[in-house]
Amino acid sequence: MGLSPDNVHGLTLAVSSSVFIGTSFIIKKKGLKKAGTTGVRAGSGGHTYLYEPLWWAGMISMIVGEIANFAAYAFAPAILVTPLGALSIIVSAVLAHFVLEEKLHIFGVLGCVLCMVGSTTIVLNAPQERQINSVKQVWHHATQPGFIVYTVFVLILVAVLIFKFVPRYGKTHLIVYVGICSLMGSLTVMSVKAVGIALKLSFSGTNQFKYYETWVFAVIVAVCCIFQINYLNKALDTFNTAVISPVYYVMFTIFTILASVIMFKDWESQSASQIVTELCGFVTILSGTFLLHKTRDMGNDPPKEPVFQSPRASEAPASPLPISQR
């Protein structure tokens, strides 16, 4: 089974990352609400939230969560770390219920349960992380024919999306912007994993920053992050966040797991039953994520008051009331 010491460290970091990131959304929202009472709201173009300590506390929480997520990739395979990002959605939904009084619908609770079941399934069947003693080993994996073909495919597809589809369909089809973010994100994670391993080995006494490969991976991380941030901002500015979040999560996770399988061959040491179980766990998480997003506003809609028609309106077209109530 996959619960090696490194996997446990990666699991702990990934879960703590989800807690910090999920909490950050709630803290930032409270900060935005507080700032909106004394100035122009952010949704109307205001920036008074920059003077609100609560909003900055949320930002710090998010940064800590991202650092923990970065570190998790140095210990555990992407197939374990990436799907656990769904836990941040659970944390956010539960805290919103208790802190922001945004009621969690019964189907939202079911979505949380599905995410937990799927995450547990993946954790218990995750492959063990390969023993890597130098960033040069990561470079060797990255320069294998399979991953080179994948990288070229991603870059060509991203170029086609940017130059052909963005001008025509960027503002009408969210799959264009989200597709660019997800494809580049898979390369980002593989490079982040390489840099994370370099840091881990360097802190252990084996300096990896003397190798040019480490700096190449660091540059790739920076370039890919710029692309992701740019097109994710375009997507958020154009489409509904409630729709973008689950679609981006699904596409990003699929491409990241695919890249990890090609580069590190994570599933080589696993049986067919373990692989199928992991896939079932992943599908369960996706189902829970969509259910959470689809029903997250159900509990917040105020009850509609019944509309009674005046008896004097008999001249109007036939009454919509049932015959028994006419």
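Every value quoted in this text rests on a predicted model; they were computed, and no experiment measured them. We number each residue from 1, following the sequence as shown.
With hydrophobic clusters built from ILVMFWY side chains whose heavy atoms lie under 4.5 angstrom apart, V138 shares a cluster with V221. Taken together through direct or relayed side-chain contacts under 4.5 Å among Ile, Leu, Val, Met, Phe, Trp and Tyr, V189 and Y231 form part of one hydrophobic cluster. No chain of hydrophobic side-chain contacts below 4.5 Å, direct or via other Ile, Leu, Val, Met, Phe, Trp or Tyr residues, connects M62 to I229. Cluster membership for I175 and I180, using ILVMFWY side-chain heavy atoms within less than 4.5 angstrom, is shared. Placement of I226 and W215 in two distinct hydrophobic clusters is found when ILVMFWY residues are connected by side-chain heavy-atom separations under 4.5 Å, directly or transitively.
Checked by atom type and distance alone, the side chain of S18 pairs as donor or acceptor with a backbone atom of A14 at under 3.5 Å. With hydrogens and angles ignored, the 3.5 Å screen pairs no side-chain donor or acceptor of E52 with any backbone N or O of G31. Counting only distance, with no hydrogens or angles, the side chain of T23 and the backbone of V19 share a donor-acceptor pair below 3.5 Å. S260 places no side-chain N or O within donor-acceptor distance of the main-chain N or O of I257, the cut-off being under 3.5 Å.
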Go through the steps for S186 and Y150 under the test side-chain hydrogen bond (donor to acceptor under 3.5 Å, both in side chains), then give the verdict. CA-CA 10 Å; S186 66; Y150 174 80; 2.9 Å; yes
Residues N69, L13; criterion side chain to side chain contact (heavy atoms under 4.5 Å, CB included); working and verdict: CA-CA 6 Å; N69 190 55; L13 287 165; over 6 Å; no
Evaluate side chain to side chain contact (heavy atoms under 4.5 Å, CB included) for L187 paired with F147, printing each intermediate quantity in order. CA-CA 10 Å; L187 299 182; F147 192 72; 4.2 Å; yes
Using the rule given for side chain to side chain contact (heavy atoms under 4.5 Å, CB included), can you reason through M59 versus W56, listing the C-alpha separation, both sets of side-chain angles and the distance that settles it, and then say yes or no? CA-CA 5 Å; M59 278 299 297; W56 281 107; 4.3 Å; yes
Please evaluate residues T206 and S134 with respect to the criterion side chain to side chain contact (heavy atoms under 4.5 Å, CB included), reporting the C-alpha separation (whole Å), side-chain torsions for both, the decisive distance (0.1 Å), and the verdict. CA-CA 8 Å; T206 308; S134 171; over 6 Å; no
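Looking at I285 and Y249, their side chains come closer than 4.5 Å, going by heavy atoms from C-beta outward. The closest side-chain heavy-atom distance from V135 to I197 is not below 4.5 Å. For the pair P127 and E278, the minimum side-chain heavy-atom distance is below 4.5 Å. Counting heavy atoms from C-beta on, the side chains of L110 and L291 come closer than 4.5 Å.
Atom SG in C181 sits 12.0 Å away from atom CZ in F255 (nearest 0.5 Å). To the nearest 0.5 Å, atoms CG (N125) and OG1 (T277) are separated by 5.0 Å. With rounding to the nearest 0.5 Å, the separation of CG in L201 from OH in Y211 is 9.5 Å. The structure places CZ of F70 at 14.5 Å from CD1 of I63, a figure rounded to the nearest 0.5 Å. For the atom pair F282 CZ and S287 OG, the distance stands at 10.0 Å (nearest 0.5 Å). Taken from CG in L232 to OG in S182, the straight-line distance is 9.0 Å, to the nearest 0.5 Å.
Counting non-hydrogen atoms of neighbouring residues, nucleotides and ligands closer than 6.0 angstrom, the NZ atom of K171 reaches no more than 12 such neighbours. Atom NZ of K265 has more than 12 heavy atoms from other residues, nucleotides or ligands within 6.0 Å. For F209, the CZ atom is densely surrounded, since the number of other residues' heavy atoms within 6.0 Å is greater than 12. When the shell of 6.0 Å around NZ of K30 is examined, it contains 12 or fewer heavy atoms from other residues, nucleotides or ligands. Within a 6.0 Å radius of CZ in F20, other residues, nucleotides and ligands contribute 12 heavy atoms or fewer. Within 6.0 Å of CE in M116 there are 12 or fewer heavy atoms belonging to other residues, nucleotides or ligands.
In terms of heavy-atom proximity, V166 sits nearest to I162 at CB-O, 3.3 Å. The shortest heavy-atom contact between A198 and S202 is O-OG, 2.7 Å. Nearest approach of Y248 to V178, heavy atoms of both residues: CA-CG1, 3.6 Å. Summarising the geometry of H140 relative to Q144, their closest heavy-atom pair is CE1-NE2, 3.0 Å, with the distance given to 0.1 Å. In this structure, F252 and T256 approach most closely via the heavy-atom pair O-OG1, 2.7 Å. Shown here for T188 and C224, the closest heavy-atom pair between the two residues is OG1-CB, 2.9 Å.
Ring planes of H173 and Y169: perpendicular class, angle over 60° (limits at 30 and 60°). Between Y212 and W139, the ring planes are perpendicular. Angles over 60° get that label, and only those under 30° would be called parallel.
For E66 and S17, the side-chain atoms include no donor-acceptor pair closer than 3.5 Å. For the residue pair Q137 and H141, no side-chain donor N or O sits within less than 3.5 Å of a side-chain acceptor on the partner. Side-chain contact, S271 with S273: a donor N or O sits under 3.5 Å from an acceptor N or O.
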Per-pair distances, 0.1 Å, donor-acceptor, side chain in residues 71-99, under 3.5 Å, sequence neighbours excluded:
{"unit_1": "Y73", "atom_1": "OH", "unit_2": "T82", "atom_2": "OG1", "d": "2.9"}
{"unit_1": "T82", "atom_1": "OG1", "unit_2": "A78", "atom_2": "O", "d": "3.0"}
{"unit_1": "S88", "atom_1": "OG", "unit_2": "G85", "atom_2": "O", "d": "2.7"}
{"unit_1": "H97", "atom_1": "ND1", "unit_2": "L104", "atom_2": "N", "d": "3.0"}

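Using a 4.5 Å cut-off between side-chain heavy atoms of Ile, Leu, Val, Met, Phe, Trp and Tyr, I27 falls into a hydrophobic cluster with L54.
Geometrically, K193 engages F264 in a cation-pi contact, judged by NZ or CZ lying under 6.0 Å from the ring centre and within 45° of the ring axis.
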